[in-house]
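Beneath this line is the structure, given in structure tokens, with notes to follow.
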Amino acid sequence: MRSPIVPIIGFLTGIIILAGYFVPSPVLEAIRTPMLDWAVILSGVAGLIAIFHLVFGVHGRRLRDPEKSHVFSFIVILVFMLTVAAGIFFGINHTGFQKVVTAIQMPMETSLMAVLAVTLAYSSLRLLQRQRNWMGFVFFIAVVLYLLVNSGIFALVTDITALRGLVAGISQAPLAGARGILIGVALGSLLTGIRILIGSDRPYNS
Amino acid sequence: MAEINCPICNRLNKDEAERCWYCQAVLHPEKKNADGSSDWLDGFRQENTETPFEESNEASAGSDESPEDVPDWLARIRQREQLEHGGEPEQNPDGEKDTLDWLRSAVGNESPTESNTFKPAEVNEPAPTESDNDADWLGKLQSWQEESSEPNKSPAPEHPFEQEPKPSFSGPSNQEPDWLNEFKSEAAQSEPLPPEKQPDDSSTGDKPSPENISAFEQEPKAPIAEEPIIEDSIPPTDAIGFSIPEGNVVKPSSPEPDWLTDFQSLDETKDLADQVMPKPAVEEPVKAPFSGRDIMDWIDKDRSTPEEKPENAVEQVEVPQGTDEGIEPAKLPSWLQALRPDKSKRGIAGSTTSSDLNQKSPLAGIEGVLQDSVIGQFYTRPQTYANTLKITPEQENHLQRLQNIAGEARWEAQESVESKRQSSILLKAVVSLLLIGVIVFTVLTQKNSLVEPTMYSQPVVETFNIISALDPAKPVLIAAEFDSGLYGELKWSSESLLQQLMARNIPIAYLSTTQAGSTLFQATITDLARKNQDYSLADHTLNLGYLTGGTVGLQALANDPRGTLPLTTLMKPAWTDTPLQNTEKISDFSAVIVITENADTARYWIEQVKPSMGKTPLLVVISAQSAPMLQPYYDSGQVNGYIAGESGGTAFEKMAGVEGSSTSHFSAYQSTLILLVVLIFVGGMISLVLSTPSPERSDKNQS
């Protein structure tokens, strides 16, 4: 049986933070601010623990396992150690250390995004081949239309009042869908918060 | 006082007693023989004439018939007996008739409803005196039977045959009637007359039944088995089943009655039944001891074919083991044959019934009994198959052809898959080359965009107005919430905005909730500072580093910026001797600008920080893919303005009057988008016209 102390602490903390959000009380502010600072510190410590677990826990165990490949784990651990050493030695504001991010990490991730763009373009060619239904046609038309809108090519027809209004309306059309998504997200967040407050969900106690 | 043992029960009795005090047997049979042999039958004869059974049953009315009415078979017996005994005249012609009479009356007095009601004799009954006639016990027997039958004068059951108890054939010998003992003594020839004793309920009053017969047959040592004539000589209504152990038989010493001696003259080689009881001229079934309404239906069915049953029944009569094998099996009475199950029916139910099962098995006579041989007809052994497959040469040829066809089909399928894969790779390469070619061409040729953006969106205009109106004394907080993958788009989109801030010497403090965000932004702002020499990074910028905790960190930042981020990335105090020294709260910033590609990150800032900002504007530079999600917050006033993607950056540059990266790359961006639209449209039309979707996929899509 789980201890009831943890849910009680979670409930009281949530209530205090929530009350301080709506009630501008100095007392609540005095209680709420240290709690949030503790949470930030604990989050940073949790990040460090996760990093060390990934490097020395997962990949270190793979290095000790004779049945698994050691190459990639060795590279991960080696690069991690070099980066940490460079950051400690040069500092994170050093230009040379920033090259680790700007010359290595950013091109790699950007290249992946470029491959994704080409793949999406190729998939769009075969859109109607695989999704030959009314939803497929709607999606096909929407893709074509909004690519044209974002390209700015409709600036050619700005002199035509009717078309200007039509283009403006098309540009605002995604707003309806976005609002629906955001309302759903808000309701889900509210329900999740209530469940945590009343102790129905205990993510802190799992 | 002298005592003698009872010859029957071997118990001690007084010497002067005529009969055994326990079993009422005659203790001095020699005295009785001296008095005359057949007087005792007279009394019994008189009693029998008064039985109601004789009045109602014509078949058993032998006592009333005259000597002229003697049946032929009996006459033949008498004749043969006379011949064998040297033509001695019958000493007591009436004796035979009377003997049969009492036998009939002994059974005939029992109505079907009173058959099994004999009670044991009273043990405290006074012993008869010596002066009493020997036949008085028979009279007592008859009177006792009448008395004992009174309590059972209940209404006759519908099927009395079923309710009658099975007789016991294992009773002591002193419970048997005298006439039977006399009959047994015939073989001994030198034994005295049987003692008088009262019949026991276990040996009298039983109706004939198959159980009786079978029990009778299963008594191998019974003396009666040596004389199967007795079984047939007894009328059907007198079929009383009992046996007499040999040790307890009291053999009479007086000469037997004439009617019994007649049986000795029977020819054993002939059918005893025919000799003793010849068939009547008219073959009408002998009346069963039960009324017609009392017989069960299955008996009626069997009686419907009387001509078949006697032969079948004779075959099923079992000769007792250990008896004289030369004696032929007796013929069962017709009424008993009628009780036996039909052989033909048994053949239908059980196919074949072995003789052992019929005669020895406890299930003898039961219909529908399955036997091993019958079971074998319904169940066969499982068929076994060989492990090897035997095929003919023709089948082998067909198999070879089938393998060739399958091989060709598989080769065609592999070729088709390979062809599709190659065409797919080719198409991807073509698309990639087209996109890259268009981008490179537009960049290298420095061509302007095909269509200049003339329609500036309202958020971009609001953003430009807010940036233009910022107080240069107050710092601007910039949140670099982006990853490396989309850094290129956001860099170009935000570059003109940053240039605008630098142009106005507005201090900039920046942080990030992602690990690489602050570093990338520092690199960006360092590049822009080179273009604007008047803007000193050391004096006007402050790197607050990485903010952990996600939404919690943002909430803490909104409540207490100084406590949440007290140090810079250089490990110096962030809030003293810096552009932030006059900043206590988040609302003290001139503006908060969030640069992100993720709509959720923008939402976190809107939800957690915006309420603490007061009148401080919140501006967002966001990727084009997330712009629609930000539009509702702009409409609600939670976001004061935003720049969405390459188009927004270009529009901002146009409004600011600068030529930035966004404008220079907008032509490539626009050309690529138009190319994509063309490719997608053409490809969609080709797919729509040429390709045919598979039925499975189409059904799956419809569902």
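Residue Ser432(B) touches chain A through both its backbone and its side chain, counting heavy-atom pairs closer than 4.5 Å. Contact annotation for Val185(A): only side-chain heavy atoms (C-beta onward) come within less than 4.5 Å of a heavy atom of chain B. Looking at Ala624(B), there are no atoms closer than 4.5 Å to chain A (heavy atoms on both sides), in backbone or side chain. Looking at Asp600(B), there are no atoms closer than 4.5 Å to chain A (heavy atoms on both sides), in backbone or side chain.
Taking CZ from Arg32(A) and CG from Asp560(B), the interatomic distance works out to 11.0 Å, rounded to the nearest 0.5 Å. Annotation: the span from Met106(A) atom CE to Asp483(B) atom CG amounts to 12.5 Å, rounded to 0.5 Å. For the atom pair Ile92(A) CD1 and Tyr546(B) OH, the distance stands at 12.5 Å (nearest 0.5 Å). To the nearest 0.5 angstrom, Thr102(A) atom OG1 is 7.5 Å from Leu520(B) atom CG. Atom CG of Asn93(A) sits about 11.0 Å away from atom CE of Met571(B), to the nearest 0.5 Å. If you take CD on Glu597(B) and CE on Met113(A), they are separated by 8.5 Å, rounding to the nearest 0.5 Å.
In this structure, Ile5(A) places its CD1 atom where only 12 or fewer heavy-atom neighbours from other residues, nucleotides or ligands lie under 6.0 Å away. Within 6.0 Å of CZ on Phe56(A) lie more than 12 heavy atoms contributed by other residues, nucleotides or ligands.
Side-chain contact between Arg603(B) and Leu182(A) is present, with heavy atoms from C-beta onward closer than 4.5 Å. Side-chain contact check for Ile680(B) versus Leu147(A): some heavy-atom pair is nearer than 4.5 Å. Contact of the Leu128(A) side chain with the Met685(B) side chain is registered, since non-hydrogen atoms from C-beta on lie closer than 4.5 Å. Counting heavy atoms from C-beta outward, Tyr634(B) and Leu175(A) have side chains that stay 4.5 Å or more apart.
For the options Thr650(B), Thr548(B), Leu557(B), heavy-atom pairs under 4.5 Å to chain A are most numerous at Thr548(B). In terms of non-hydrogen atom pairs under 4.5 Å with chain A, the most contact-rich of Ala556(B), Gly683(B), Gly485(B) is Gly485(B). If you tally non-hydrogen atom pairs under 4.5 Å between each of Ser484(B), Ser424(B), Gly488(B) and chain A, the highest count goes to Ser484(B). Heavy-atom pairs under 4.5 Å with chain A peak, among Lys428(B), Glu489(B), Glu646(B), Gln515(B), at Lys428(B). Per-residue counts of heavy-atom pairs under 4.5 Å with chain B were compared for Ile17(A), Val167(A), Val143(A), Val101(A); the largest is that of Val101(A). Of the listed residues (Ile41(A), Leu125(A), Leu116(A)), the one with the most heavy-atom contacts under 4.5 Å to chain B is Leu125(A). For the options Leu570(B), Asn543(B), Leu676(B), heavy-atom pairs under 4.5 Å to chain A are most numerous at Leu570(B).
Phe681(B) and Phe140(A) make their closest contact through CA-CZ, 3.8 Å (heavy atoms, listed as atom of the first residue, atom of the second, distance). When every heavy atom of Tyr122(A) is checked against every heavy atom of Val431(B), the shortest pair comes out as N-CG1, 4.4 Å. In terms of heavy-atom proximity, Ala178(A) sits nearest to Pro628(B) at CB-O, 3.1 Å. Contact detail for Ser687(B) and Arg126(A): the closest heavy-atom pair is OG-CA, 4.1 Å. Closest approach of Gly553(B) to Val40(A), counting heavy atoms only: CA-CG2, 3.6 Å.
At distances below 3.5 Å, not a single donor-acceptor pair connects side-chain atoms of Ser151(A) with backbone N or O atoms of Ile674(B).
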*Check the pair Thr519(B), Phe97(A) against side chain to side chain contact (heavy atoms under 4.5 Å, CB included), reporting the backbone distance first and the verdict last.*
CA-CA 9 Å; Thr519(B) 303; Phe97(A) 181 74; 5.7 Å; no
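Under the 3.5 Å distance criterion, with hydrogens and angles disregarded, no donor-acceptor pair is assigned to the side chains of Asn559(B) and Thr33(A).
When each of Leu145(A), Val144(A), Ile153(A) is paired with Val677(B), the side-chain contact (heavy atoms from CB on, under 4.5 Å) condition holds for Val144(A) and for no other.
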